[in-house]
Amino acid sequence: MSRFLRNTFVIFVVLLVGAALASAQDAVSLVEFMDGTFGVQGVRPDGWMNVQPGIHVRGGSGRDVTLLAVQAAPLSVQSLWPALLPQFGLQSPPESIGALTTEAFEWQLYQFEVTQAGITVAVDLALAEQDGTTYIVLVQSDASEQQALYDQVFMPVVESLKPFVEDTASLPYTVEEVAFANGEVTLAGTLTLPEGDGPHPAVVLMTGSGPQDRDEQVAGFAIFRTIADYLTRQGSAVLRYDDRGVGQSSGEWASAGLAEFAADGKAAVAYLQTRDDINAEQVGVLGHSIGGALAAILGADPESGLAFIVSMAGPGVDGQVTLVEQNKIILAQQGATPEQIDSQIAFLEASFPLIEARDWEAYEDLMDDTLVEQWDLLTDEQRESTGLSSAEEFAELSAANGLATVSNEEFITLMAYDPAPDWEKTTVPVLALFGEFDLQVPPVLHAPALEAALEASGNSDVTVVVIEGANHLFQATETGAIEEYAQLPPEFVPDFLPTISNWILERVSDS
């Protein structure tokens, strides 16, 4: 199955390791914790290892399947279930076993079993929705330990969990919660203002693919919160906002395409230009990944009011070429055979007209046929590692989330979008940043195309920088592998933030 390689990650991954289970452990001690990434605090088991953002494993003797996941997603429970079900191998949400009211939340509780690769584990799950965010607590274990861990871990964690409110009083800048409108949609966000009365130069941050909150949290890395903090400390106001239908913003994410998301960014710029503490002539945008495409759309719009653009791993070629090249590069890195890569590329190329026509029945038929074909291309060892016995099982499991990935308007319009004509109309200053090891927007393909389009516009202020040793999130890496995102420190390579801030300040300081 193919899917666009998003900025966003699935909320959590149910870890299934080996066949030997650890024996029951002694009584669990709990300690307090705070997680700024997911905005929660409470208690967790002492001594359990944090292996991914929001995921703690017990790591007992043998191969222990026991883990605790404590996370939050900027989605409603209804919107979250389609992302969770494929991870559990379920076709529909399980029945709730009851509700629980705590000091902070109204929880729905679930119990069920998950079987993958021949291993069955018991799962306790709690979900609570508040202010457009769903909070998640999950404990996975061998069935023989389920009741003990329910009492000692699951319920204490659920009962203790509450939102973590950041203390902004000590920050050397002002933090203001704001809202602005784009037609009938209200976008909610955070505006950070440097010290002094201003008026300040300002930057609007526009997220990448998928439903994103204002912090653009990817694999435990609060990308936009980190950018906003740095730029504000250096003298630029920064506005970051929840995507429509996400967090505290109204509207519906899945029905909005690139034009609508670009219009939301334009509304953010217009809002800042109404404020006395913002210099209306010095408002620009920073777009990450697909957000870079939105920046190109605004750059070509003479009414957008932009003073500058920062494209952070933004595309220079059309969506179909981008997707095909992503798949070739990443599959090759993962050790796929030429035959497997050819099968995937043939699937993509056949799927594009079906996606454009929104012919989802034909798309699902094509996907099923391709998955059966790809099962035949697996080695005996690869088939055995899946824990499945037939191509039909493989197709059913692999396709569970396939249609949802491509049937939203963002993906559909992205596949039809070529940024070059918009970059050719962009005459405001542009800083285009690429990561040397970015596998999603590889600089060897995108940087020359974006630079050529801007040259065609006659733009005299274009800076293209390939950041050494950086991946798609501009973390330090040696491979760029997507599976590394959650394993790498949630921080940028040293040159990244100064490059952006210095470039912006050079263009606004004399105004």
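Annotation: ring-ring contact (aromatic ring centres under 6.0 Å, His included) contacts involving residues 125-160, sequence neighbours excluded, comprise F105-Y135, Y150-F154. Screening residues 228-240 for side-chain hydrogen bond (donor to acceptor under 3.5 Å, both in side chains), with sequence neighbours left out, gives Y173-D229, T192-T232, D215-R240, D229-R233.
A 4.5 Å side-chain heavy-atom check between Y485 and H472 finds at least one atom pair inside the cut-off. In this structure the side chain of L193 reaches within 4.5 angstrom of the side chain of H200, judged on heavy atoms. In this structure, H288 and I223 have side chains that are in contact, with non-hydrogen atoms separated by less than 4.5 Å.
Between F221 and F474, the distance from one ring center to the other does not fall under 6.0 angstrom. Taking the ring centroids of W253 and F411, they lie at or beyond the 6.0 Å cut-off.
E409 and S255 are not linked by any side-chain donor-acceptor pair at a separation below 3.5 angstrom, with hydrogens and angles left out of the test. Between E484 and T479, the side chains place a donor N or O and an acceptor N or O closer than 3.5 Å (distance only, hydrogens not considered). With no hydrogens or angles considered, no side-chain donor-acceptor pair links T133 and D131 at under 3.5 Å.
Of the possible polar contacts, none joining the E436 side chain to the A470 backbone as a donor-acceptor pair under 3.5 Å is found. Judged purely by atom type and a 3.5 angstrom limit, S249 has no side-chain atom pairing as donor or acceptor with the backbone of G245. The backbone N or O of S141 lies less than 3.5 Å from no partner atom in the side chain of Q146, so there is not a single donor-acceptor pair. When atom types are taken as modelled, the side chain of Q111 and the backbone of D124 share no donor-acceptor pair closer than 3.5 angstrom. In this structure, the side chain of D35 does not engage the main chain of G39 through any donor-acceptor pair within 3.5 Å. Between the side chain of T499 and the main chain of D495, a donor-acceptor pair closer than 3.5 Å is present. S311 contributes no side-chain N or O that, together with a main-chain N or O of A432, makes up a donor-acceptor pair within less than 3.5 Å. Here the side chain of D438 pairs a donor or acceptor atom with the backbone of V441 at under 3.5 angstrom. T186 places no side-chain N or O within 3.5 Å of a backbone atom of A181 that could act as its donor or acceptor partner. With Q440 contributing its side chain and N471 its backbone, the two residues share no donor-acceptor pair below 3.5 Å.
Residues R214 and T190 share a closest heavy-atom pair of NH1-OG1, 2.9 Å. When all heavy atoms of L68 and P45 are compared, the closest pair comes out as CD2-CD, 3.5 Å. Taking each heavy atom of V203 and V285 in turn, the nearest pair found is CG1-C, 4.1 Å. In this structure, W503 and V430 approach most closely via the heavy-atom pair CZ2-C, 3.5 Å.
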Name every donor-acceptor pair, under 3.5 Å, that has one atom in a side chain of residues 266-275 and the other anywhere in the protein, sequence neighbours excluded.
from, atom 1, to, atom 2, distance (Å)
K266, NZ, D301, OD2, 2.8
Y271, OH, R275, NH1, 2.7
Q273, NE2, A280, O, 3.2
Q273, NE2, G305, O, 3.2
T274, OG1, Y271, O, 2.6
R275, NE, D277, OD1, 3.0
R275, NH1, E176, OE2, 3.2
R275, NH2, E176, OE1, 2.9
R275, NH2, D277, OD2, 2.9

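Salt bridge annotation for E184-R244: absent, with no cationic side-chain nitrogen under 4.0 angstrom from a carboxylate oxygen.
Summarising the local packing, CD of E478 is surrounded by 12 or fewer heavy atoms from other residues, nucleotides or ligands at distances under 6.0 Å. The number of heavy-atom neighbours closer than 6.0 Å to CD of Q334, taken from other residues, nucleotides and ligands shown, is above 12. Residue-environment remark: CD (Q333) exceeds the threshold of 12 foreign heavy atoms within 6.0 Å.
Ring geometry for F180 against Y241 counts as perpendicular: the plane angle is over 60°, on a 0 to 90° scale with 30° as the lower cut.
Here E159 contributes atom CD and W107 contributes atom CH2; the two are 11.0 Å apart, rounded to the nearest 0.5 Å.
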